[in-house]
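Note that these values count all heavy atoms, side chains included, but never hydrogens, waters or copies made by symmetry. Here the structure is a predicted model, which is why all the values come from computation and not from measurement. Start at 1 and go down the list; that is how both ligands and their atoms are numbered.
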Amino acid sequence: MIKVGIVGGTGYTGVELLRLLAQHPQAEVAVITSRSEAGVAVADMYPNLRGHYDGLAFSVPDSKALAACDVVFFATPHGVAHALAGELLAAGTKVIDLSADFRLQDAVEWGKWYGQPHGAPELLKDAVYGLPEVNREKIRTARLIAVPGCYPTATQLGLLPLLEAGLADPSRLIADCKSGVSGAGRGAAVGSLFCESGESMKAYAVKGHRHLPEISQGLRQAAGQDIGLTFVPHLTPMIRGIHATLYATVADTSVDLQALFEKRYADEPFVDVMPAGSHPETRSVRGANVCRIAVHRPQGGDLVVVLSVIDNLVKGASGQAVQNLNILFGLDERMGLSHAGLLP
Ligand SMILES: NC(=O)c1ccc[n+]([C@@H]2O[C@H](COP(=O)([O-])OP(=O)(O)OC[C@H]3O[C@@H](n4cnc5c(N)ncnc54)[C@H](OP(=O)(O)O)[C@@H]3O)[C@@H](O)[C@H]2O)c1
């Protein structure tokens, strides 16, 4: 059994890790931290987990207890993994970080977007960006994984086939993305209140969202050149889900895009290219570690529209983290992750 520690177990990605790991035949959660709920039994806080984690209670983060695990997930705000990852790695514990701490390769750029200096630039050389559809081989031998963000996962998976094939104009990409409210985490915030976010929809961070440099980094790598991206996130009144509507222009309109996407993801267990003409729905991936994609070229023009949906808490966070765990420990990549979405 793989001995697992989770730092930040009371948040939405933390409890989603618990839900997924409860079905995982090779992982056993030994330590789960929360400073505010220390001493509380996991099943008392999250009754959906009753019967799965008997005897397991939240504890304050303790580096010795965490270092005794084979792997530690960080489901914490940015900055926390910076402070603790080095010590764990030195003890031989692998780290899978769901926060943004190690996603950007440029520490100065990270500091610019996160408003504080990077706390562990010396570890960046070890960090592997955990998008299996791009970095599977590097993940296998990594010791520090930076799990991609939710918007970045939906956007990159939607645009990669076009950019890798050199088909899209990389200078004019548009990502128009919608997220459910759980994307903001469990912390109390006025904007997440039911009366503030229900029955309404709005764009935010149009001048620049923290996921912009992360998406740009991945797309630049796929295109092999600089890219220009306009990324506009929106908040929608749903609990889970990301819907990315992606726009790119192509010079060659003779290419069979459906075949291109199907070929690119033919061997990917968690990317589903839908039949031509489809409109993927977020509810079809709710609770599932799947990115569902459809590609369109309206009226046969040169503008390609890609629709990409994920569950922000699963393929956009905790499911992708477990996928990384499986690859890292040489297990079947689908282990504990093969359930279908929850519909209706
Ligand atoms: N929500 C999403 O859809 C999503 C998707 C992808 C990635 N992410 C990223 O995943 C991370 C967690 O997100 P979330 O939505 O689960 O957040 P959250 O609901 O706000 O939970 C944060 C967790 O971290 C703990 N924590 C906070 N400050 C800490 C500190 N200084 N030291 C140790 N533990 C601390 C909290 O527990 P205590 O305060 O009790 O210790 C809590 O359990 C974030 O970096 C987020 O950007 C989130």
Side-chain angles (χ1 to χ4, degrees), residues 5-20 29 31-40 42 45-46 57-63 65-66 72-85 87-88 95-104 110 113-116 119 129-131 145-156 177-189 191-192 197 205 209-211 214-215 233 235-236 238-244 282 285-287 289 291 309-324:
I6 300 174
V7 184
T10 51
Y12 286 153
T13 59
V15 70
E16 191 67 355
L17 274 173
L18 285 172
R19 184 180 73 87
L20 295 169
V29 179
V31 180
I32 180 133
T33 85
S34 163
R35 298 156 313 156
S36 57
E37 304 292 340
V40 173
V42 164
M45 175 138 186
Y46 285 112
F58 296 106
S59 56
V60 290
D62 168 56
S63 42
L66 291 166
V72 169
F73 291 93
F74 281 87
T76 45
H78 62 270
V80 180
H82 281 171
L84 288 172
E87 201 177 335
L88 298 179
V95 170
I96 302 180
D97 179 25
L98 281 76
S99 84
D101 279 6
F102 298 103
R103 291 184 199 152
L104 298 185
W110 191 94
W113 285 93
Y114 289 88
Q116 63 194 69
Y129 189 66
L131 193 60
I145 302 284
V147 180
C150 45
Y151 287 126
T153 297
T155 303
Q156 289 177 82
C177 301
K178 282 92 188 168
S179 172
V181 185
S182 65
R186 189 165 179 268
S192 303
S197 59
H209 183 281
R210 283 171 171 172
H211 285 171
E214 180 187 341
I215 302 171
L235 188 68
T236 62
M238 53 185 182
I239 293 176
R240 290 167 180 252
I242 296 253
H243 188 298
T282 55
V285 294
R286 188 144 38 105
N289 192 51
C291 176
V309 300
I310 58 170
D311 182 326
N312 54 297
L313 293 175
V314 191
K315 185 60 177 161
S318 308
Q320 186 139 263
V322 173
Q323 191 179 349
N324 274 282

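When atom types are taken as modelled, the side chain of Asp311 and the backbone of Gly241 share no donor-acceptor pair closer than 3.5 angstrom. Thr33 contributes no side-chain N or O that, together with a main-chain N or O of Val60, makes up a donor-acceptor pair within less than 3.5 Å. A donor-acceptor pair under 3.5 Å is absent between the side-chain atoms of Ser318 and the main chain of Val314, judged by distance alone. With Ser34 contributing its side chain and Gly9 its backbone, the two residues share no donor-acceptor pair below 3.5 Å. Using modelled atom types, no side-chain atom of Arg286 and backbone atom of Thr282 make a donor-acceptor pair closer than 3.5 Å. Judged purely by atom type and a 3.5 angstrom limit, Thr236 uses its side chain to pair as donor or acceptor with the backbone of Ser179. Remark: the backbone N or O of Ile239 is paired with a side-chain donor or acceptor of Ser182 at under 3.5 angstrom.
Inside a 4.0 Å radius of atom 4 (C) of ligand 1 there is at least one protein heavy atom. Inside a 4.0 Å radius of atom 20 (O) of ligand 1 there is at least one protein heavy atom.
Residue contact check: Pro77 has heavy atoms under 4.0 Å from atoms 24 (O), 26 (N), 27 (C), 28 (N), 45 (O) of ligand 1. For ligand 1, the atoms closer than 4.0 angstrom to any heavy atom of Tyr12 are 16 (O), 19 (O).
Proximity of Ser99 to ligand 1, defined as any heavy-atom pair under 4.0 Å, is shared by backbone and side chain alike. Looking at Arg103 against ligand 1, only its side chain comes within 4.0 Å, counting heavy atoms. If you look at Ser182 next to ligand 1, the close heavy atoms, those under 4.0 Å, all belong to the backbone. Of the heavy atoms in Thr76, both backbone and side-chain atoms come closer than 4.0 Å to ligand 1.
Protein heavy atom in closest approach to atom 17 (O) of ligand 1: Gly185 CA, 4.1 Å. Distance from atom 9 (C) of ligand 1 to its nearest protein heavy atom, with residue and atom name: Leu98 O, 3.4 Å. The protein heavy atom nearest to atom 23 (C) of ligand 1 is Ala75 O, 3.4 Å. The closest protein non-hydrogen atom to atom 42 (C) of ligand 1 is Thr10 OG1, 3.4 Å. From the protein, the heavy atom lying nearest to atom 32 (N) of ligand 1 is Val80 CG1, 3.7 Å. Nearest to atom 6 (C) of ligand 1 among the protein's heavy atoms is Gly316 O, 3.2 Å. Closest protein heavy atom to atom 13 (O) of ligand 1: Thr13 OG1, 3.6 Å.
Remark: among candidates Gln320, Glu16, Arg35, Lys315, the nearest residue to atom 27 (C) of ligand 1 is Arg35, based on non-hydrogen atoms.
No N or O atom of Thr33 sits closer than 3.5 Å to an N or O atom of ligand 1. In terms of polar-atom proximity, defined here as any N/O pair under 3.5 Å, Ala317 makes no such contact with ligand 1.
Side-chain atoms of Leu131 and Gln320, non-hydrogen and from C-beta on, do get closer than 4.5 Å to each other. In this structure, the side chains of Arg186 and Ser192 stay at 4.5 Å or more apart for every pair of heavy atoms. Side-chain contact between Tyr129 and Glu214 is present, with at least one heavy-atom pair separated by less than 4.5 Å.
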Practice task
Let me see the working for Ser63 and Glu87 under side chain to side chain donor-acceptor pair (under 3.5 Å), right down to the final yes or no.
Solution key: CA-CA 8 Å; Ser63 42; Glu87 201 177 335; 3.1 Å; yes
